[in-house]
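Structure first, then comments.
All chains are named by letter (A, B, ...) in the order of the sequence lines, taking the proteins before the strands, and each is independently numbered beginning at 1. Heavy-atom basis, side chains included; hydrogens, waters and symmetry copies ignored. In this text the structure is predicted, and so the values were computed from the model without any measurement.
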There are 2 protein chains.
Amino acid sequence: MEIAPDTYSELTSSIAAEYESLSRQLKKFGRFALDNSDTLALETVTTVAEKADVQPSTIVRFAKAFGFDGFSDMQQVFRTRLVENNSSYRERIHSLQNDEGRDGVASVLDNFTHTGIESLEQLKLNTPVAKLNQAVEILKNARHVHLLGHRRASAVIHYLHYALSQLDISCMLADGASGMLQHQMNRVGPEDAVLAVSFTPYTPVVAEMVALQSEKGHKIVSITDSPLSPLASRSTVSFEIQDGRDQAFRTLVAPICLAQCLVVGIGQLLENEQTS
Amino acid sequence: MEIAPDTYSELTSSIAAEYESLSRQLKKFGRFALDNSDTLALETVTTVAEKADVQPSTIVRFAKAFGFDGFSDMQQVFRTRLVENNSSYRERIHSLQNDEGRDGVASVLDNFTHTGIESLEQLKLNTPVAKLNQAVEILKNARHVHLLGHRRASAVIHYLHYALSQLDISCMLADGASGMLQHQMNRVGPEDAVLAVSFTPYTPVVAEMVALQSEKGHKIVSITDSPLSPLASRSTVSFEIQDGRDQAFRTLVAPICLAQCLVVGIGQLLENEQTS
DNA sequence: CTAAAAATAGAAAAAACAGTTCATTTCTCT
DNA sequence: AGAGAAATGAACTGTTTTTTCTATTTTTAG
C-alpha cells in the first residue's frame, strides 16, 4: 500500500480489499475500525487500543500498512467523515421533511426511513405492555407454536420461525406449502398456540383458519393492522399496528420490530426461570 | 458558574445566558465557539486559539468560567454532540427514552423501537444513492431474480419474494428447501440476477453460492452487515448495513426497509417506462 | 488623574501522547 | 521438528498539548 486513502469510503474499500492479506491482529483491528468509526475519530491511540483490545503499536502498524504516516494521519479520515456526515444531516433537516432536491430512488429512501421511524414511534406509544406480557406468556407456555401468515406477512412469520427455533421453542410454519395448510392447522392441539399475522387485504384463508382455531378454543396471538381486522376479534391477544398513511408506504418495519420484542421477551422469561 | 453543562444545548444556553457578564475576550471566544462547534470538537487548544484569534489561556479561562476543569473537559461536550447529532439521538431520546422504570417486556419494547429508529437513520445517512440506482437497474433488467438467504435473512428474502412478484418480476426463492439449493442456483443464467442477503455469522453455504455465481460472472446484489462480509467483495453491488451495537440488539428493521426501497424503486422505473 | 482591581498575553512547567525500538512470541517453510 | 522470518507486546523517548504562573495592559472607581 503506497498511497493513503483520503476519504472514509476509500478507506473502507481498501480495508475490505486487503483484509485477507492482513495478519491476525491487523484483521482484528480492521474489523473494529469499520464497526467503531466514531471511536476512531475521537479517542486517542491508547484509548482506542484499549477498546479494540490491541496494543497501540498495532494500530500504528495498521495505519502504516494503509499508507498513512501514523495514527494521527489516519484519524483525519475518520474525523472528516464525522463532520461531513454531520453537516449533510443538518442540510437535510434544513430542507425539511420533504427533502426537496432528492428525487427518484433517493426520495424513496428518505420516505421509507421516515415513515419507518414514525411507525416505530407509534408502535412504542400504542402497544399496551399488558398485551405484550400476555402474549409472551402464552407463547412461552405453548407446547408448539404454529405460525400462520401469507403474502406480506410471510416475512414476519419466517423471522419468527427462525428466532423462536433459536430459543428452542418448538414451532412450525403453517405456510400452506404444497397445499398442506389444512393439515398443518389440524395438528394444533389444546396445549398449543397459534401466532397469526395478516394485513389488509386479509388473506381469506388465514382469516378462516383463525376463526376455526378460535372456535376450537385454542390460544391465538395475532399481529394485524386494525381492531376491525378479522383476526383481532377472534384472537386471545391481538396487536393492532396502525400503518397510518396511504397504502403506498405501508411498511413491515413495525411488525418485524414487534415480533422481535415478543421473541426477546420470551427469551428473558426463559432465562429467569433457569437462574431461579 | 459552579456546575459544568454536560450537553451541547445546555452549554449554548449557559453561554447565551451569561454572555453579557463576560469580559471582552471571553465574549469574542464565546461567539466563536457557538459558530464553530466542529472546530471546538476536533482541534487542539492552540489551533482553536489561532482560528479564534485569542490566546490559549483565554480559552482555558473561558472553560473554567463555565465550570469545566479545563479545555479538554469542555471539548468533550462538543465531541459528544458531534457523535450523537449523527443519529439525532438527542431529539429522539426525549420522545422515547424518558421511560425509566419500565422494565421487563416494556423495556424490551423501548429498546427495540429505539435501536430500530437509530438504524433507520443510519440507513438513510449511509446508503449511497448511486448504489441504490445501480441495484434497481440490475434487478429491473434481470430476466429472473434469484433470492438467496438463510436463517435471519430468510425474512427479508420472503418479503422480497412477495413484493417483487407483485410487480410482475419473475423471481424465485433459492431457499434450499428439500436440499434443492444447488439445483436452484444452477438455474441462474447470464441474463439473471442474484439478490443475496446474509448477516453475521454468515451461513457458509450462502457465501459459497455467492462466490460461485460471482465466478460465473453473474450479476449479484447483496444486503449484508459489513464491508468485510464474504458477500460484499463478491457482489456487483452490496449494501452494508452497520448494525452498530451489540448482538443482542441486532435488528432486521433496516434490511427490511432497504428491501422495500429497492422494490419501490423498481416499481417507479417500470411505471415511468409504461407512461413514456 | 491616579491607584487599585481585573483581565490578558506570553512563556514556562506539567501532563499526555504518538510513534519507535527491541525483546518475545507465533507462524511458515524446509 | 527446527531454523528463520514475521508478527506481536511492552517499555521508552521525544513531541505535542494543556495548564499554570507571572508580567503587562486595560478597565474601573475614587
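With dG19(C), dT8(D), dA7(C) as the choices, the nucleotide that has an atom nearest any side-chain atom of Arg24(A) turns out to be dT8(D). Picking from dT8(C), dT21(C), dG19(C) the nucleotide with the shortest atom distance to the side chain of Val60(A) gives dG19(C). Taking the side chain of Gln25(B) as heavy atoms from C-beta on, and the options dA9(C), dG19(C), dA7(D), the nearest nucleotide is dA9(C). Relative to the side chain of Lys64(A), the nucleotides dT8(D), dT18(D), dT20(C) differ in distance, and dT20(C) lies closest. For Ser23(A), whose side chain is taken as the heavy atoms from C-beta onward, the closest listed nucleotide among dG10(C), dA18(C), dA7(D) is dA7(D). Side-chain atoms of Gln55(B) lie closest to dG10(C) of the nucleotides dG10(C), dT8(C), dA18(C).
Rounded to 10 degrees, the angle separating the terminal helix axes of the helix from dC1(C)-dG30(D) to dT30(C)-dA1(D), each built from five base pairs, is 30°.
With respect to Glu191(B) and Lys219(B), no salt bridge is recorded, no charged nitrogen being found less than 4.0 Å from a carboxylate O. Between Glu43(B) and Arg79(A) there is no salt bridge, since no side-chain N of the basic residue sits under 4.0 Å from a carboxylate O of the acidic one.
At a cut-off of 3.5 angstrom, the base of dG19(C) holds no donor-acceptor pair with the side chain of Arg61(A).
Defined by atom type and a distance below 3.5 Å, a donor-acceptor pair is missing between the side-chain atoms of Ser119(B) and Glu121(B).
Counting any heavy atom pair closer than 4.0 Å across all strands shown, Thr46(B) reaches a base atom.
Closest non-hydrogen pair, Val263(A) versus Leu167(A), comes out as O-CD1, 3.4 Å.
Phosphate contact (OP1/OP2 of dG10(C), side-chain N/O of Ser57(B), threshold under 4.0 Å): absent.
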